[in-house]
Amino acid sequence: MGSIISSFLGGGATAEAAAATSSETSSSRILSFHSPARWQLHFNNSKDSSQLMVIDFAASWCGPCKFMEPAIHAMASKFTEVEFAKIDVDELPDVAQEFQVQAMPTFVLVKNGKEVDRVVGAKKDELEKKIEKHKAIQAAV
């Protein structure tokens, strides 16, 4: 309903595009992508940014992925200068293949469109250390 009203008020295109690009709950800073085209658009836009992006490749049936979910939400709240994205490998298998994901969960850390690090498995402490490391490099630049 809100997008209908905003389209009448002239702000619909932006609001609809933002809503279509990702689903983000108010309590979470994690963007979830469900369309290859929307992911590609977002990823291409991030190539010009030195902001660290953590891409969480997971699956709904993956036990270790579910185990990591609260930790990822906590990290997204803690590291507000880092962007967090979630890709379901069953919904977007081509994206998972492009990043050579072979196990879940896999966390790929990206800057300027290039992979700078990755963590394979439910390794909360290792992921947090790598985020700290690459976030710090960003701050120093």
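Note that the numbering runs from 1 along the sequence shown for the chain.
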Taking the side chain as C-beta and beyond, is there a heavy-atom pair between [X] and [Y] under 4.5 Å?
X: Asn44; Y: Gln40; result: yes
X: Trp39; Y: Glu91; result: no
X: Phe43; Y: Val110; result: yes
X: Ile131; Y: Met75; result: yes
X: Glu126; Y: Lys130; result: yes

Quick check, are the ring centers of Phe57 and Phe107 under 6.0 angstrom apart? no
Got a second to check how far His73's NE2 is from Ile30's CD1, nearest 0.5 Å? 4.0 Å
Pairs where residues 45-69 contributes a residue and the test salt bridge (charged side-chain N to carboxylate O under 4.0 Å, His left out) is met, not counting sequence neighbours: Glu69-Lys86
Going by the disulfide (SG to SG under 2.5 Å) test, which pairs reach into residues 56-120, not counting sequence neighbours? Cys62-Cys65
Salt bridge check, Lys135 against Glu132: does any charged N sit closer than 4.0 Å to a carboxylate O? yes
State whether Glu83 and Arg29 are salt-bridged, where the test is any N-O pair (Lys NZ or Arg NE/NH1/NH2 against Asp/Glu carboxylate O) under 4.0 Å. no
Sub-3.5 Å donor-acceptor pair from the side chain of Asn112 to the main-chain atoms of Lys114, do we have one? no
Determine yes or no for a side-chain-to-main-chain donor-acceptor pair under 3.5 angstrom, with Gln51 supplying the side chain and Glu81 the backbone. yes
Atom of Met53, atom of Ala85 and distance for their closest heavy-atom approach: SD-CB, 4.3 Å
